[in-house]
Number of protein chains: 2
Amino acid sequence: MTSSPNMQARLVDVAKVAGVSMKTVSNVVNGSVPVREATRKRVLAAIEQLGYRPNVAARNLAKGRSGVIAFAVPQLDRPYFASLAARMLDEAETYGWTVQIHQTGGQREAELALLTERQPVRLDGVVMSPLQLTPEDVHRRDPALPLVLLGENVDQSHRADHVGIDNREAGRAATEHLLSDGRQRVMALAPGPNLKVERLHGYRDALAAAGLGVDEDMVLATEGVRGEDAELTLGRWLDSGRPAPDAVFAATDWLAMGAIRALVLRGRKVPQQVAVVGFDDIPYDLAILPTLTTVAPDRVAIARLALQALRDQEPGGEPVRLRAPFSLVVRESTAGIRRGR
Amino acid sequence: MTSSPNMQARLVDVAKVAGVSMKTVSNVVNGSVPVREATRKRVLAAIEQLGYRPNVAARNLAKGRSGVIAFAVPQLDRPYFASLAARMLDEAETYGWTVQIHQTGGQREAELALLTERQPVRLDGVVMSPLQLTPEDVHRRDPALPLVLLGENVDQSHRADHVGIDNREAGRAATEHLLSDGRQRVMALAPGPNLKVERLHGYRDALAAAGLGVDEDMVLATEGVRGEDAELTLGRWLDSGRPAPDAVFAATDWLAMGAIRALVLRGRKVPQQVAVVGFDDIPYDLAILPTLTTVAPDRVAIARLALQALRDQEPGGEPVRLRAPFSLVVRESTAGIRRGR
DNA sequence: AACCTCAAATACAGCGCTGTAAAATGCAGC
DNA sequence: GCTGCATTTTACAGCGCTGTATTTGAGGTT
């Protein structure tokens with residue numbers, strides 16, 4: 001039982017080979033305590049030679065951690081969350097965390113339960129993209145449970161770390177893009193009732209900066225978040241005979257898809273007559289014709305920042321708010337823009 | 001340090017309260033060894049009273065397991081896989097497994113690496129939905145690593161457990177549905193080069209059973225798996241002036257979506273003039289107009305069967321092949337069918 | 001050369017659980 | 001009431017790692 005050739009090498013085996021104590025090897029592996037360079041090299045060589053890998057279960061047991069963090073999203077089968085989850089998994093590997101993905105269904109109770117109720121596995125932290133979670137809920141949680149919130153359904157009153165893109169700035173960038181080749185009548189579509197306020201702020205900022213007033217008649221609230229809702233709302237507007245927009249700023253890709261459908265089905269050409277931008281860069285681009293210009297949050301950065309914040313969090317600390325970058329991905333639905341039309 | 005009130009209760013604490021040995025509590029919790037009913041009750045009461053939860057890290061350490069299984073899919077942000085992953089997570093909780101989701105990108109090397117290369121965390125098993133994995137690859141794996149394969153890119157020569165729906169039967173069901181209100185010219189669309197053979201077999205079965213011959217001219221291979229591919233392929237066919245189909249059997253939902261677009265853009269009404277069925281029930285239904293009738297694999301069953309198979313697998317054993325049920329979800333794209341047209 | 005300081009390395013207990021082997025208990029049958 | 005045997009329960013040594021307290025030793029000062 002003591003280190004047969006094809007058995008997984010242990011710390012003690014490495015120590016023996018390197019001629020040092022177990023703890024020194026541990027120190028090298030963890031990098032927390034300084035180790036003299038010569039010793040360090042010897043240890044690393046031994047690790048290499050034996051193909052040593054730390055045993056996570058033992059480490060966690062000794063540290064009193066589980067090594068498991070939860071990543072909670074409303075639904076995993078919504079592509080925005082699925083793609084974010086994918087990045088989260090990648091990044092978590094860096095920390096040796098395994099990620100337990102949870103689906104809250106957007107239910108406040110489910111979101112709260114994850115923070116307050118005892119879980120089958122003790123959690124070392126939670127990253128959540130909440131829909132309904134209130135500031136009080138955040139307050140009620142076990143203060144020893146590190147928490148990072150994601151997305152835009154979070155405000156200053158939530159006392160927890162937060163990671164997200166600058167939605168206002170992004171909304172402005174998208175709208176500016178539409179304006180950049182002379183589009184004049186830019187409509188905005190956002191889901192009621194919360195209207196993705198920050199994104200609309202950005203839209204207004206851009207119009208103001210271009211010296212155009214905001215025609216509140218052109219800011220449309222859809223009934224829900226689905227493509228059909230946007231199709232219906234925009235469709236009614238178009239059918240009402242009012243002067244048509246020459247561009248549409250949609251607060252989400254779903255709405256943008258619905259908008260495109262409403263336009264195309266009424267014979268309006270996208271992007272020639274009406275340009276459309278969306279928001280989120282959900283991985284559907286191939287399914288849509290024309291493909292969609294959209295604001296793409298840097299998901300890798302979001303995941304990385306969230307996990308860093310989670311790791312660095314300490315019980316009493318002041319909440320941290322982090323901004324992840326975004327980019328504007330230009331595709332067919334605004335083609336021609338910036339290329340001389 | 002010995003059981004302060006608000007510390008997580010341990011096995012030894014439960015044992016003390018119940019007046020039995022640690023091991024007896026362990027036996028009750030694990031249910032492997034028989035325990036007298038009276039003792040059992042006492043132990044359960046103590047567990048309840050103290051709110052005891054087993055420490056997974058310690059258990060795994062003692063058992064020499066990691067408690068982690070891998071679930072590998074080509075891409076998590078494809079909705080079919082995302083929704084399957086969601087189910088897998090749910091089911092894995094039953095076994096106390098945490099799931100490490102891997103993305104292979106459909107690369108053979110990545111698929112193989114998961115089976116052969118040493119992972120950061122030792123894996124207790126792998127469930128994989130392979131795209132490229134060969135029977136030889138399966139053979140090459142560490143025989144101690146339990147493996148369950150999912151989906152249709154697996155055949156008899158892969159010596160590993162397999163879970164999937166009966167694609168042939170499902171293809172038949174979908175096609176029968178189209179035929180059931182008198183559609184006569186049913187086209188088939190499948191992605192080349194593998195053509196989702198089983199599904200097409202089912203299509204042929206259904207035509208044969210209805211006394212209709214298969215017009216091989218109506219079996220179309222698309223260039224790829226994307227909606228656009230189907231749109232292009234079907235579009236060309238339609239534009240060629242050949243007599244139009246009155247129904248389309250698409251081997252995947254993506255192709256079905258492309259087919260609908262090709263039809264609608266040419267002024268053909270779906271479902272009035274052409275009915276369309278898809279395959280997979282990807283959660284996009286709301287994005288498509290009309291919503292899509294499709295073959296819905298029972299994802300819960302797939303997940304459950306896969307994990308059962310994984311748990312019950314033993315190194316030398318004969319591979320098991322399990323069939324999960326499916327259902328035909330009738331939506332707008334075949335509306336009218338079975339309702340008197 | 002003796003002394004001090006501080007960085008580097010060590011020894012070892014213990015994290016909470018399970019497997020093993022040994023002990024206790026219950027229950028027939030006589 | 002005792003023996004023999006099957007059933008139930010126990011004691012305890014690890015699983016592989018890290019935290020703490022302690023020892024070692026390198027390098028600088030007098």
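Note on naming: letters A, B, ... go to the chains in the order of the sequence lines (proteins, then strands), and numbering restarts at 1 for each one.
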Worksheet item: NA contact type, N60(B), heavy-atom cut-off 4.0 Å: base, sugar-phosphate, or nothing?
Response: nothing
Worksheet item: Which part of the nucleic acid, if any, lies within contact of K63(B), taking any heavy atom under 4.0 Å across all strands shown: a base, the sugar-phosphate backbone alone, or nothing?
Response: sugar-phosphate
Given [options], identify the nucleotide with an atom nearest to the side chain of [X].
X	options	value
T24(A)	dG16(C), dT10(C), dT10(D)	dT10(C)
K23(A)	dC17(C), dG19(D), dA26(D)	dG19(D)
V20(A)	dT10(C), dT18(C), dG16(C)	dT10(C)
M22(A)	dC17(C), dA9(C), dT18(D)	dT18(D)

Fill in: salt_bridge(E37(A), R40(A)) N-O dist < 4.0 Å
yes
With a cut-off of less than 4.0 Å, is there a side-chain N or O of [X] near OP1 or OP2 of [N]?
X	N	value
T39(A)	dA8(C)	no
R59(B)	dT18(C)	yes
R10(A)	dG16(D)	yes
S26(A)	dT18(D)	yes

Item to complete: Could you check how far CZ of R42(B) sits from C1' of dT9(D), rounded to whole Å?
Response: 11 Å
Item to complete: Report, as yes or no, whether the 6.0 Å neighbourhood of atom CZ on R299(A) holds more than 12 heavy atoms from other residues, nucleotides or ligands.
Response: yes
